[in-house]
There are 2 protein chains.
Amino acid sequence: MIKPRSRRGGGRPTIADVARKAGVGAITVSRALREPERVSEELRRQIQAAVDELGYVPDPNARALASARAEVFGVLVPSLTNNVFAEVVRGIYDSLSDSPFRIQLGNTHYSGLEEERLLQVFAPQRPAALIVAGIDQTPTSRKLLENAGCPVVQVMETGPDPVDMMVGFSHLDGGRAATEHLIEAGYRRIGFIGARMDPRSQRRLAGYRAAMEVAGLFDPRLVTTTPVPSSVSLGRELFRDALAKVPTLDAVFCNNDDIALGVLFECHRASIDVPKTIGIVGFNDLDMMQVAFPSITSVRTHRYEIGRRAVAMALAAIAGNRPEQRVVDLGFELKRRESSAR
Amino acid sequence: MIKPRSRRGGGRPTIADVARKAGVGAITVSRALREPERVSEELRRQIQAAVDELGYVPDPNARALASARAEVFGVLVPSLTNNVFAEVVRGIYDSLSDSPFRIQLGNTHYSGLEEERLLQVFAPQRPAALIVAGIDQTPTSRKLLENAGCPVVQVMETGPDPVDMMVGFSHLDGGRAATEHLIEAGYRRIGFIGARMDPRSQRRLAGYRAAMEVAGLFDPRLVTTTPVPSSVSLGRELFRDALAKVPTLDAVFCNNDDIALGVLFECHRASIDVPKTIGIVGFNDLDMMQVAFPSITSVRTHRYEIGRRAVAMALAAIAGNRPEQRVVDLGFELKRRESSAR
DNA sequence: GGCCAATTTGGTAGCGCTACCATCCCGGTT
DNA sequence: AACCGGGATGGTAGCGCTACCAAATTGGCC
């Protein structure tokens, strides 16, 4: 006689228990749960009753193994604490909370190699979809994404050559718009201050440079950057460096809002008038930008919406109707405020 | 003749392929990967060679099914965008990045019911450990945690009755320390401004109240709270409300740093002198607090360290040596700065 | 030299679920 | 009345891995 295995801890009910109780075959229970329309009204009710009574919950691991596909979205972002990505992730979570899909979140720490490593960890799980930040994957990562056999959405940026789908906006255009705004406002010695300088920051810088060159105002000494991770305190330091380098500086376009806030605080501390003596423009438009005194002009980006849209596109692709528009540009919005109103 | 099934997409190599190539049994490969010390040096090398050559990666789903235990940490936090929890989560991710454990992150949106729901989704995965924020689980959630059959760490707070383990600090003491500091600095009409008012905020408020009562300064009209989610702009509004209610207000202890920043900006805008006319103390000590002008006094909390410690404790428990100290208080540190130096 | 314990290796039998195919039943045709 | 097609249901055979136990090998000791 074979004694029942009791390896499993709490002895949770299995699909066989439900089938027995409902007086049907196990496969019918499986179908009733996944494709209810293929099971008769009556059996469906019986099965549901058995499920409720036993408190049956399908084992996602067994499901994944048998169907060679896990109900998991793999999500890769460069940072968990950067508010920008936190918002994207929040959008993804909110969009997926009512679905059967779980989320596997990975933190690449802005490293292409780490991204590769994580992709190698994610792939064996056969995720239902992959969402990755940025468009600058290493060749290896790109190959992993192409061979993942599931919908892939690159988020935060748009570009010419999607692995599969894209949702984002043009950082170059954003940087250009911010700079043009400062030029129009009458500033001339406009600096660029940037920390971290990941690919997106690089493109904002390129937008800045393009605008400055068109206006005949570009001067390499106006650019102050560092690979060090961004923070408010770093913004303050970089601004002091920039000012020491170019005392005639009359405005700064900052890489992001943290840097901009650091600049603002340093101006307060040094009694520099904003926007008269120094104009400030940030990037991303965090909530605090409109509250700051003076309020800070910033390029509003639609992070939460990017997350939601990415999920919507992936879900559509999973359901078989791939969106006709594979690259979605959600744009940005320049919020003009006191800090750049000369 | 049985034709080979080809359900699986890319036909990734399985443990059987590795075993065949290395000329050993499948189970030996499994052991070589999980408990190398139990396999002879020679076979280990052969197996490793086969693994490398084939690019074999174990299927986590099959593994979880066979061993009735997934290499997953379930993590539940009330918010993904609140910097405080983002830091905890970052600590967790960093501590787990070199381990085989994956992370299943859930966002409870500060809702006990949502926490229950997520726990019900997590439990069937048989996670290796669970990390949950806070100590105020619903009875149902508590039961789910107790029956999870894995180490459980409650983080962010300490309390008398851990489900299993705890890492955090006393929000009540933090609130008290902040308030006592303001009293010592000479402030008398000290307000409390709080948004969201989750259980941790409630306890900070209790600490505030205790300190005020001891000093004979408590007045319910000094307390301004709202269940609305916290933000810098909300801080500004609440401060205006508080000031309208109590024009003689001479200091505020804020629920968190976002609120404190909103207060500071409103003071700038209304030309209220900080710290002469109004003293400000925040909570958490975000990076920007020391950069703000004037710099803002805040209660520094060790969020990142909480995440790391929680993982360390869970890992130890998984390895069989449960820490002797089940409740770890990481404390806090009052950072005295310009905003409260009368 | 023989015996026993410890160590190393392997075979078998599932873990809980679903893909694939077979079966059954029904009403509509010829 | 025999036949057929289509929808509902079920049986079988794994998915890739590991727990359990058995077998083989080694080494130490009397």
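First the proteins, then the strands, lettered A, B, ... as listed; each starts at 1. Only heavy atoms go into these numbers, but all of them, side chains included; no hydrogens, no water, no symmetry mates.
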Rounded to whole angstrom units, what separation is found between the CD atom of E35(A) and the P atom of dC20(C)?
12 Å
Protein-nucleotide distance (I15(B), atom CD1; dA19(D), atom P), rounded to Å:
11 Å
Given dA8(D), is OP1 or OP2 found less than 4.0 Å from the side-chain N or O atoms of R31(A)?
no
Is any NZ, NE, NH1 or NH2 atom of the basic residue among K143(A) and E146(A) found under 4.0 Å from an Asp or Glu carboxylate oxygen of the other?
no
Would one find a side-chain N or O of R38(B) under 4.0 angstrom from OP1 or OP2 of dT7(C)?
no
P58(B) side chain: which of dG10(D), dA19(C), dC17(D) is closest?
dC17(D)
Rounded to the nearest angstrom, tell me the gap between atom CG in D17(B) and atom C1' in dC15(D).
13 Å
For R69(B) and dG14(C), give me the distance from atom CZ to atom P, rounded to whole Å.
22 Å
Would you say dT9(C) has OP1 or OP2 under 4.0 Å from some side-chain N or O of S40(B)?
yes
The side chain of S30(A) is closest to which nucleotide in this list: dT18(C), dG10(C), dG14(C)?
dT18(C)
Nearest-Å distance for atom pair CG/P, residues L43(A) and dA8(D)
11 Å
On a heavy-atom basis, the closest approach of R63(A) and P58(A) is NH2-CG, 3.6 Å
Scan V155(A), L105(A), L96(A) and name whichever one has a side chain to side chain contact (heavy atoms under 4.5 Å, CB included) with V75(A).
L105(A)
On the nucleotide dC15(D), are OP1 or OP2 found under 4.0 Å from the side-chain N or O atoms that T14(B) carries?
no
I27(B) CD1 - dA19(D) P separation (whole Å)
7 Å
Using atom types as modelled, flag every donor-acceptor pair under 3.5 Å from a side chain in residues 127-141 of chain B to any protein atom, sequence neighbours excluded.
| from | atom 1 | to | atom 2 | distance (Å) |
| --- | --- | --- | --- | --- |
| D136(B) | OD2 | R203(B) | NH2 | 2.6 |
| Q137(B) | OE1 | Q154(B) | NE2 | 3.0 |
| Q137(B) | NE2 | G134(B) | O | 3.1 |
| T138(B) | OG1 | E116(B) | OE2 | 2.7 |
| T138(B) | OG1 | S141(B) | N | 3.1 |
| T138(B) | OG1 | S141(B) | OG | 3.1 |

Between T28(A) and dG10(D), is there a side-chain N or O to OP1/OP2 distance below 4.0 Å?
yes
